Structures are given as structure tokens and as C-alpha cells.
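To keep things clear, I will list the structure first and then write my remarks on it.
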Amino acid sequence: MLTKAPRGTKDVVPSDSYKWQHVEELFREVCEKFGYKEIRTPGFEHTELFERGVGETTDVVQKEMYTFEDRGGRSITLKAEGTAPAARLFIENKLYAEAQPTKIFYITPVYRYERPQKGRLREHHQFGIEVYGSESPAIDAEVISIVSTIYNKLGVKDIELHINSIGCPQCRKEYNKILKEYLSDKLDKLCKTCNSRYEKNPMRILDCKNESCQAELEDAPLMVDYLCDDCKVHFESVKEYLNELGIDFVVDPKIVRGLDYYTKTAFEFISKEIGAKSTVCGGGRYDGLIEEIGGPKTPAVGFGMGIERLLLTLENNGIEIEEPTGPDVFVVTIGERAEKEAFKLLYKLRNNNISADKDYLDRSIKAQFKYSNKINATYTIVIGDDEIEKDVVTLKNMKTGEQEEIKLSNIVEILKNKLGR
Ligand SMILES: [Zn+2]
Ligand SMILES: [Zn+2]
């Protein structure tokens, strides 16, 4: 127990962290280009925020939250997803009073008590974006284009964008009536989950993964065919903007959202890797959320992307993130005085923007060279007590094997030159 991380959690070990750093740097870089600023929200929130913000009828709230009472008797829930806390931040900090739209992003761990499987953990990490304050379909397209940009920059090709419009509370009300009528004589053939959704979330029945349910739903009425004029124009416009950017998509009328505050655009990026199709990123518009949790009526759109899942996608696509190089310099020391001199030298090099390291295990000279090789140092410097006396050290280029003698007192300048710093 003591030396095992809890089920559904995973360490990032030193030899792997460069992959995380690479994708996180990419997120930040892309967000910066698109004009999005980072937010950080607490690791836990009042349980009510998720109940209201994610929806009491959802699996997340009903089965998957890490909820506990704190020592003050408050009901607290570990961050179960990124959107509700971001919306809370938007309201609490009155960002709506600033120039709109508010464009934000986050990289955060989230906690859900799920059955752990590949790329899906109880603590997993999410990269997400939210835009508040704009109804423009151009913003929907911009948000989608951020995901495309990220996949493109990473070289992921096996990915398909599916989009849909799920209407607004007005046209959905009409549609729900029609859908319920259609389903009314099929209920005994639909599964238990479908039946439980009939009253509150009939649209989510379309989403049932059960094959026998899907067989019953083949000619079900679809929301896209019942959009009101406003929703129709919006959807057409989103598609136009995507076409302008040359972003391919398929309209997938079976993408649904279960809750009233989701509106208009819904999209998913589907990975086709190794036969099985799976959603690797999902998002859309949610013009009703901010009001739902107590803020002023504010349109919103966003997406969330699992980082573990993204790394798995890269792996499955054979995309390798370049491993970082070793230190610029490894200092091999011969003798006690040299060791002290080297220790000082490291500090000087590091403070001059040159990465450097030395041995700390009293290794033999041979073993120090071996270690320098192992950590992939670009140069190795050899310092012995005699060399200090003569103000010369040997500099070895570890790639070419070339060696030369250089002045110890000039070492920073010489290395800066060689390394182009
Ligand atoms: Zn509508
Ligand atoms: Zn079903």
C-alpha cells in the first residue's frame, strides 16, 4: 500500500515528463497566439457547483465525484471537470464587467471515480478552453480551430471532426415533444438507462451505446432538422467559417448533450486509430450555464481535451516527441582540489545559461566519462589539480570525439561561443 499510488492514478517519472512539458508548452503557445489567457482554479469546490454546473442527472454527478465533508461540515468535491469552476471564476471575479469576450484556458487535474482504463484515470489531466460573452459563430469556429491547430502541430492525422447543432431551449422544447412521441411506443424495447432519460433528457437516448437501442432509433427525428431560424443560421455560419479555414468536418446529428444549458454547436474530435473510434476532445456552446449558476446571462463556448488520452493518441499514431538533450557540459574531475573547482565552475556556467553537471558519487575517471556519455552531455571538460595550476582544461566534444585544450579562466566565453548562446 505504502509504495503504491492509489488505483486510477499515475506518476509522471523524470524520463517521461518531457512529453507532458512538450504538449503543455504547445497548448500555451497556441493559446497565446489565439489570445487566450490562463486561469487556475482550486483543486476543490463546493459540491453544489458541480451539481448545478455539470447537472444532477449526469453520470459525473451521480456516480463519479469525489465528495466529502470537510472538518467545517461543508460538502466539498474535488474538481470533477474544468468548465464549472471556470464559469464560477468568471462570475466571482466579475470578468463579465471587463471588455468582452473573455478568452481563457486551463491545464488541470480532474478527479472522477471511474473504472480505470487506458488513457482514462481517476485523476486525469485536462486542457480546456472557454470563451464567454460572444454569441458569434466565428467564436465557435475559432475554438474548434484551436483543437485542429494543436493536432496539426503535433502531426496527428487520424482524426475526424464531427459537428452538430443541438438547438436552443426554444426549438429543443418543440423537438423534445416530437422525439418523445416517436419514442413512446418503443420504450419497452429500450434499455433501462434510455427509459430513465425519457422524461428529463430524451435527446440523450440517441446517444445510447446499446446496439439494440440504436436499432430502434434508426429513423428517429433529429434536432438538426428542427432548428429554429436563429439556430439554423448560426449552424450554417459555423460551417462556413470552418470551410473558410479549410477545416474538414462531418455533420453528425447524433452528437447530443443532456442538459438545457447546452446550446447550438456541439462538436467532437474522433480518433480513428487502430479501428476503434473514440472521442478525444469534446466541446460546444453552453449559452445557459453562467445564468444557471447565478451569473448574468452570458453566451459561452469551449472544449476539453484529456492530456493522457492525447499522449496515447500520439503513441498510437507513432508520433514521437523529441527527447530533450543532455546537459551542455559534464565536468570530469581528477583530485580533491579539482572537485571543488568544478563545483564552483558549475555554478558559474549555470548562471551563464549553460547547463552543466558533475559527478557526485566519487566515480573513477573512466566511470565519470561513461556517465557523461549516458546522460548525453554535449561536451565533457576534464579538470585535474595540475590543470588548475596551468589554467588549462581539456574540452571534449562528445559527438565527434574531438579534444582541445582551453583556458580554464576563459571557459564561460569559449563555451558560450561554441554553444551559440
Ligand atoms: Zn433554436
Ligand atoms: Zn439504451
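As the structure is a computational prediction, the values presented were derived from the model and not from experiment.
Using a 4.5 Å heavy-atom cutoff, the side chains of I290 and Y261 are not in contact. In this structure, the side chains of R350 and D357 come closer than 4.5 Å at one or more pairs of heavy atoms. Looking only at side-chain heavy atoms (C-beta outward), L161 and L242 come within less than 4.5 Å of each other. The shortest distance between side-chain heavy atoms of I150 and F27 falls below 4.5 Å.
Judged by a 6.0 Å distance limit and a 45° cone about the ring axis, R122 is positioned over the six-membered ring of Y113. Figure legend: K103 and F105 shown without cation-pi pairing, the cationic atom not lying both under 6.0 angstrom from the six-membered ring centre and within 45 degrees of its axis.
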* Stepwise salt bridge (charged side-chain N to carboxylate O under 4.0 Å, His left out) test for K418 and E404 -> CA-CA 13 Å; K418 286 189 180 291; E404 59 185 301; 2.8 Å; yes
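Around the CG atom of N351, the shell of radius 6.0 Å holds more than 12 heavy atoms that belong to other residues, nucleotides or ligands. In D70, the CG atom is crowded: over 12 heavy atoms of neighbouring residues, nucleotides or ligands sit closer than 6.0 Å. For E135, the CD atom is loosely surrounded, since the number of other residues' heavy atoms within 6.0 Å does not exceed 12. Heavy atoms of other residues, nucleotides or ligands lying less than 6.0 angstrom from CD of Q100 number more than 12.
In terms of heavy-atom proximity, S75 sits nearest to T67 at OG-CG2, 3.5 Å.
In this model, a donor atom of one side chain and an acceptor atom of the other lie less than 3.5 Å apart for T83 and E130. Counting only N and O atoms by type, the side chains of T378 and D328 include no donor and acceptor under 3.5 Å apart. Side chain to side chain, E56 and T58 fail the donor-acceptor criterion of an N or O pair below 3.5 Å. For the 3.5 Å distance criterion, the side chains of Y241 and E142 fail to qualify, holding no donor opposite an acceptor. Between K358 and T333, the side chains place no donor N or O within less than 3.5 Å of an acceptor N or O (distance only, hydrogens not considered).
Between F369 and F330, the distance separating the two ring centers is not shorter than 6.0 angstrom.
We find that E315 and K19 are not joined by a salt bridge, their nearest charged nitrogen and carboxylate oxygen being 4.0 Å or further apart. Salt-bridge annotation for R28 and E25: absent, with no side-chain N of the basic residue lying under 4.0 Å from a carboxylate O of the acidic one. A salt bridge is absent between K254 and E268: the closest approach of a Lys/Arg side-chain nitrogen to an acidic carboxylate oxygen does not fall below 4.0 angstrom.
Without hydrogens or angle criteria, S271 side chain to V280 main chain gives no donor-acceptor distance under 3.5 Å. A distance-only check finds a donor-acceptor pair linking the side chain of Q368 to the backbone of R363 [under 3.5 Å].
Of the residues listed (D230, D140, N164), the one engaging K264 in a side chain to side chain donor-acceptor pair (under 3.5 Å) is D230, and it is the only one.
With sequence neighbours excluded, no residue forms a side-chain contact (heavy atoms from CB on, under 4.5 Å) with R71.
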